[in-house]
Amino acid sequence: MKKTIVLFFGILFISGCSVYKPDSNYLSTRDYNKRVKVSAAHFDKALTPIGVSAMVVGTAAAGYWGYTETEGSNYFADFDKGERVNYSIAGGVVGAFVGFSATYLLNKAFGWGQIREPLSPEEWIKKSNDNFLVIKRKSNSDFTIMHKSAESNFIVKDIQDARDFEKAFSNNSTYANLVCKQTINNSNIKRDEYYELIHLYPANKHKLDMKKKYVWNSQTVSSIFNASDKYPETNLDVEFKSSDLVLDCSDVKLFHNRFPKSIYNRKVIVKSLNNSSVYEIKSLKSVFNKTFYLSQYDFQKYNSFVSNKGKKKYSNALYEIKSPYTIYDLESFYQQYDWLKYNEKPDEIISNYWNIANKKFSNGNKVLAIVSNLSKDRAYNNWNISNTKVTNFIADKLKYEIQTKVSYTTHLKTPNSPGWQSWVRNNNLTANMVSTSNLSYLVYGKVTNKSKFDLPLVLTANGSIYRTYKVEGIGGAVLGIFQAFAQMAGDKNANFTEHTDYLGSISEKYYLPKIKRGRSANYAITFDIGSKAGLNAFDWVKLTEEIELRNPKVSDMSYYNGNIKNNQQKKQTTALNLLHYGMPEVKVIDNWRNTEYSEEYWDREWDKKLERERLAAKRARQRENNRKNEASSLKQSNFSWKWDGNWSGGGSFLWADFPYEHEFIIMKDGKEWAKGNIEKAQKSNSFNVEFEITDYNSSLNGHEIRQYFYYDKNDTELKADGGIFTNTTISNDVSSFYSAVSLSLDFTINKLLDRIIESGY
């Protein structure tokens, strides 16, 4: 038995129990041309029937052997009641297991279950199905195959089908003609792919048809010419076809070089307009001569080939070629081509009329008249020029003129309020509470038009509004102490004597309906924002609040051709009157009594308390009246003041009752510093005269100062409080002109009368 088993296994493994079988991870279904894609193709080593039989036989034989060999073994026996019982069946099971394991391991040892990659796709096909052909290989395990039976009924949907057929069956196949025929009217075959087909199937009877498709399907003028030259045997109407392919002027020139007398010349010119520049279109004139000038019929015939943009560029090219020089030339040009319409043409006509007229006429108003007429004259109705287009165009041009050729100046006039200045300076029980009324600031200047057009415009002026609080008099000193304590307490910005706040900005407009060319016009704008108010607490403290306009400027100057409202016209007229006639004196209202503040009234009230002094003053005035003729001898005299000090004030000084007029000069450091003229003399309770500084070489603040002077009893000295003017020279008693002015500010009527009385008048 043992020999039999050994012999069996020897024969088994000599004959071979396993073999390699083809397999893959993926096989696609067959397509319309019976193509299959194979992915991860490989060979699996599997058991043959002999190998399977060997495992069965080996297992059975080993089981039998185990059964027989264990019949007398003590390992598979037991004793029951003194008798031996054998379990040989267990030996058979063990033997079968050993036989199965042995055959299994031997099969594995000889390759069962191994996987290998094919040496080529052909090897795999040969062992799987040799009715397939390889048509595309990515690798030995990834490739595409086609069944041989697809040759006779092959379908061509695209170029890849034609390529696969040639690969599988060669171009000499009896079915190659059928394949090529399917490509002729196939929309999926591109023009350049016909060139490939011609070379894939060089002997095909449909070769000429494929060449014609290659030529006819050309997409550019140059490509169809090249294709036609390559395959002249096609004998196609390349002239017609290429005329359809023209895109721009370069194509037109290629076409004209090949077909100089073509019946499609006008067509190709029209087709080139959309994609060519004006310069390129102009260059076609030298190529086509008279043919370049297209007619209305040409544009109607080939209207589908040209867009609005193309018509515009052709018109612009014609305009540059003809170069209209006069208005007559321009009108003739647009009348000749009034049929050539495009969206921007009305705007171009307006612009061209403006440009030519602007060059020809030095008077801009003639230019405006010509351009304005384009929307009104019936002769231009066919050009579709609306009044809105003309109006907007002119507005844009005049805006530019205003921005570049119009200049302006800006000045400020402050309100004229002598009454307020008098109240501020007077601390002799004047009105307790006062305020101003009708307080306006005037911003004015001159607008100069250097252009050749009459220009309507509007100015916008801006200014900043500030409010200033002041505390003066003895109370100012007291509040100064409070201020010092507040600052010591940590409020560094505390200021009880003077404080200014910014309140914001304000703007006003001024309309100029027309500034004639080369002329200037004044403008004046009032800002009704100013006010002044004050409180005088029995001469102990004086509080004032002033709201004023600062830093005026013209922020904008623009074109305006609209209507001006009546109230605006009245406002502008009022402002111009202020500019012409001067700022009116602003009234100061005594709020306590609701009457106009009168300095004379309060002077009389004070005089009632000072009857004796007033009587003395009366005698002094009589004395002075008697001396008037004597003083008039100084009428033509000139005098100068020598001054070595500093003075930050300025404006006008007021001397009352000085009975003569003369010029004066103020000297400083031996040089003329300022000069002016006495303007007015008047008679009042003191000896005063008013004058204004008209020329100076130092910066002055421009506020008014009231000053009182008188003569002594010997008529030799002109005196003021704190100083004596002798021979028109400041005496040594006054350290500077500034101190003399400062002291004289406190020189009240009461002190003046006291001095007069002391002098014996």
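In this structure, S422 contributes its side chain and P418 its backbone to no donor-acceptor pair below 3.5 Å. Judged purely by atom type and a 3.5 angstrom limit, N536 has no side-chain atom pairing as donor or acceptor with the backbone of K542. Between the side chain of N373 and the backbone N or O of A369, no donor-acceptor pair lies under 3.5 Å.
Note that CG of L459 is 8.5 Å distant from OG of S558, once rounded to the nearest 0.5 Å. Summarising the geometry, atom OG1 belonging to T574 is positioned 9.5 Å from atom CG belonging to D528; distances are rounded to the nearest 0.5 Å. Here the CD1 atom belonging to I402 is positioned 12.5 Å from the OH atom belonging to Y408, to the nearest 0.5 angstrom. Here OH of Y441 is found 14.0 Å from NZ of K413. Values are rounded to the nearest 0.5 Å. With rounding to the nearest 0.5 angstrom, the CG atom of N566 is 14.5 Å from the NZ atom of K571. From Y511, atom OH reaches atom OH of Y560 across 5.0 Å, with rounding to the nearest 0.5 Å.
Within a 6.0 Å sphere centred on OH of Y502, other residues, nucleotides and ligands contribute more than 12 heavy atoms. Within 6.0 Å of atom CG in D396, more than 12 heavy atoms from other residues, nucleotides or ligands are found, so the atom counts as buried in its surroundings. More than 12 heavy atoms of other shown residues, nucleotides or ligands fall within 6.0 angstrom of atom CG in D501.
Remark: K587 fails to qualify as a cation-pi partner of W420 under the 6.0 Å distance and 45° angle criteria applied to the six-membered ring. A cation-pi arrangement is found for R550 relative to Y466, the charged atom lying closer than 6.0 Å to the ring centre and inside a 45° cone about the ring normal.
Annotation for S531 and L439: closest pair N-CD2, 3.1 Å, computed over non-hydrogen atoms. For V390 against S372, the heavy-atom pair with the smallest separation is CG1-CA, 3.8 Å. Across every non-hydrogen atom of G445 and H411, the tightest pair is CA-CD2, 4.2 Å. Taking each heavy atom of R517 and S362 in turn, the nearest pair found is NH1-O, 3.8 Å. Scanning both residues, R519 and I515, for their nearest heavy atoms gives O-CG2, 3.8 Å. Between V367 and F453, the closest heavy-atom pair is CB-CE2, 4.1 Å.
Side-chain atoms of W592 and L535, non-hydrogen and from C-beta on, never get closer than 4.5 Å to each other. Contact check for E545 versus R467: side-chain heavy atoms found under the 4.5 Å cut-off. Side-chain contact between Y510 and V458 is absent, with no heavy atoms from C-beta onward closer than 4.5 Å. By the 4.5 Å heavy-atom criterion applied to side chains, E596 and V588 are not counted as neighbours. Between K446 and S520 there is a side-chain heavy-atom pair separated by less than 4.5 Å. The closest side-chain heavy-atom distance from F527 to I465 is not below 4.5 Å. Between L412 and L442, the closest side-chain pair of non-hydrogen atoms is not below 4.5 Å. For the pair N449 and K516, the minimum side-chain heavy-atom distance is 4.5 Å or more.
Between W354 and Y400, the ring centre distance reaches or exceeds 6.0 Å. Ring centroid separation for the pair Y523 and Y444 does not come in under the 6.0 Å cut-off.
For the side-chain contact (heavy atoms from CB on, under 4.5 Å) test with S507, the passing option among I525, D556, T460 is T460; the others fail.
A donor and an acceptor atom, one from each side chain of D590 and T595, are nowhere located under 3.5 Å apart. Judged purely by distance below 3.5 Å, without hydrogens or angles, the side chains of T526 and S440 never pair a donor atom with an acceptor atom. Using a 3.5 Å distance cut-off with no hydrogens or angles, the side chains of N365 and D454 do pair a donor with an acceptor. Using modelled atom types, one finds no donor on one side chain facing an acceptor on the other under 3.5 Å when comparing N462 with S505.
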Derivation and outcome, side chain to side chain contact (heavy atoms under 4.5 Å, CB included), residues T436 and I589
CA-CA 6 Å; T436 56; I589 304 302; over 6 Å; no
Evaluation steps, side chain to side chain contact (heavy atoms under 4.5 Å, CB included), between L512 and V447:
CA-CA 9 Å; L512 288 165; V447 181; 4.0 Å; yes
Applying salt bridge (charged side-chain N to carboxylate O under 4.0 Å, His left out), run through K532 and E548 and close with a yes or a no.
CA-CA 9 Å; K532 301 178 187 293; E548 58 185 337; 5.7 Å; no
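Here E401 does not pair with K452 in a salt bridge; the nearest charged N to carboxylate O distance is not below 4.0 Å.
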